[in-house]
Amino acid sequence: MSSARGIAVRSCGIAVPEKVLTNDDLAATLDTNDAWITERTGIKERRIGGTTSSLAAEAASEALRRAGLSAEDIDVLVLATTTPDGIAPATASAVQDLLGMRRVGAFDLNAGCSGFMYGLVVSAGLVATGYERVLLVGVDTLSRITDWTDRTIAVLVGDGAGAVVIEARDGQSNLLSHNLHSDGSLRHLLYCEHGGYLWMDGQEIFRKAVRVVVESAEQALSDAGLEADDIALLVPHQANRRIIQAACQRLKIPEDRTAVVIDRYGNTSSASIPLALADALEAGKISDGDLLLLCGFGAGMSWASAVLRWGS
Ligand code: UT7
């Protein structure tokens, strides 16, 4: 056990349901249209279906395969989700079983759409206290808590999962800086009661999101001793293309240095950052050693940012 160890993110895997729901599909049953959804959100289509545990296990398997590891090599499973399969046990228990993981720690973490960011920092803490490898999954099936007759929510959500293998690294951590925030007095802006549907005050969240993302991103940059120009890629939570554009503008990071997948997946909550990360990796937009700025925000209201050096 060592207490001064850093982390490296070794691999990334994703899973999305096969079923594609386009804006036109939604317009067939709702008072909405492709032009409104595209212009106001940037979303063209989303994937719908699966369970939180099945998507999580698929993404986790891919991350393990890409790292050349098996489930036995993992010491803790951290699963960030707002939509667990049930209230108890933790969905991580089902995922652990599906993966055939040995009897190591496994638990859920709920920080709304900031779940992956919170999971990243928690994973770094686990590694610092001696665990060798952590499997972090960000997964949500928002479609299951969506009222499909409510056009204000139905056009936004999608299902998916993204997973990363995080491991100990001697010397300087590849997680250069991070910050976590929550303001519980804003929890009424986005919530879902037991057995109910997701509800949000979209306009208010929009306004607050841009401000807090920029603040926490600037804090993460300054804590790492960096400028926006040093960042190879911004990987933001995918809630609305206009929020991403507004944040980019204020941070002075051009959009072509930003990972965007909202057009294909909609808002996948805890899964959106790893989905965007995996897409950028696949497209060859990230090289070993590149500095990434990750930013999340969502229910709580929670928000968080981190600077991560890619590669081992
Ligand atoms: O994951 C983290 C949390 N979530 C977010 O960060 C979401 C943040 N908020 C947003 O992304 C945006 O506020 C929305 C996409 C939710 C809404 O966009 P908006 O530009 O803020 O629209 P709005 O709520 O101001 O509505 C504008 C108009 C209204 O009509 P009137 O009053 O101008 O006649 C709405 O009734 O658009 C209408 N509208 C729609 N029209 C067609 C609302 N939803 C729809 C719809 N299709 N789906």
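Note that ligands are numbered from 1 as they come in the structure, with each ligand's atoms numbered from 1 the same way.
- Protein heavy atom closest to atom 35 (C) of ligand 1, with residue, atom name and distance, is R151 NH2, 3.8 Å.
- Of all atoms in ligand 1, numbered sequentially from 1 with element shown, those under 4.0 Å from a heavy atom of L190 are 3 (C).
- Comparing E39, H237, K208 by heavy-atom distance to atom 2 (C) of ligand 1, the nearest is H237.
- In the vicinity of I243, heavy-atom distances shorter than 4.0 Å reach the ligand 1 atoms 6 (O), 8 (C).
- Ligand 1 has no atom lying under 4.0 Å from any heavy atom of A209.
- When only non-hydrogen protein atoms are considered, atom 7 (C) of ligand 1 lies nearest to M200 CE, 3.6 Å.
- Atoms of ligand 1 found under 4.0 Å from any heavy atom of V155 (numbered from 1 in listed order, with element): 48 (N).
- Distances below 4.0 Å separate heavy atoms of R242 from the following atoms of ligand 1: 18 (O), 19 (P), 20 (O).
- Checking F206, W303, F297, W36 against atom 37 (O) of ligand 1, the nearest heavy atom belongs to W36.
- Scanning the protein heavy atoms around atom 14 (C) of ligand 1, the nearest turns out to be N240 ND2, 4.4 Å.
- Residue I205 approaches ligand 1 through these ligand atoms, each under 4.0 Å from one of its heavy atoms: 3 (C), 4 (N), 5 (C), 6 (O).
- The shortest contact between atom 47 (N) of ligand 1 and any protein heavy atom is with T32 OG1, 2.6 Å.
- Contact atoms of ligand 1 toward N267: 1 (O), 2 (C) (distance under 4.0 Å to a heavy atom of the residue).
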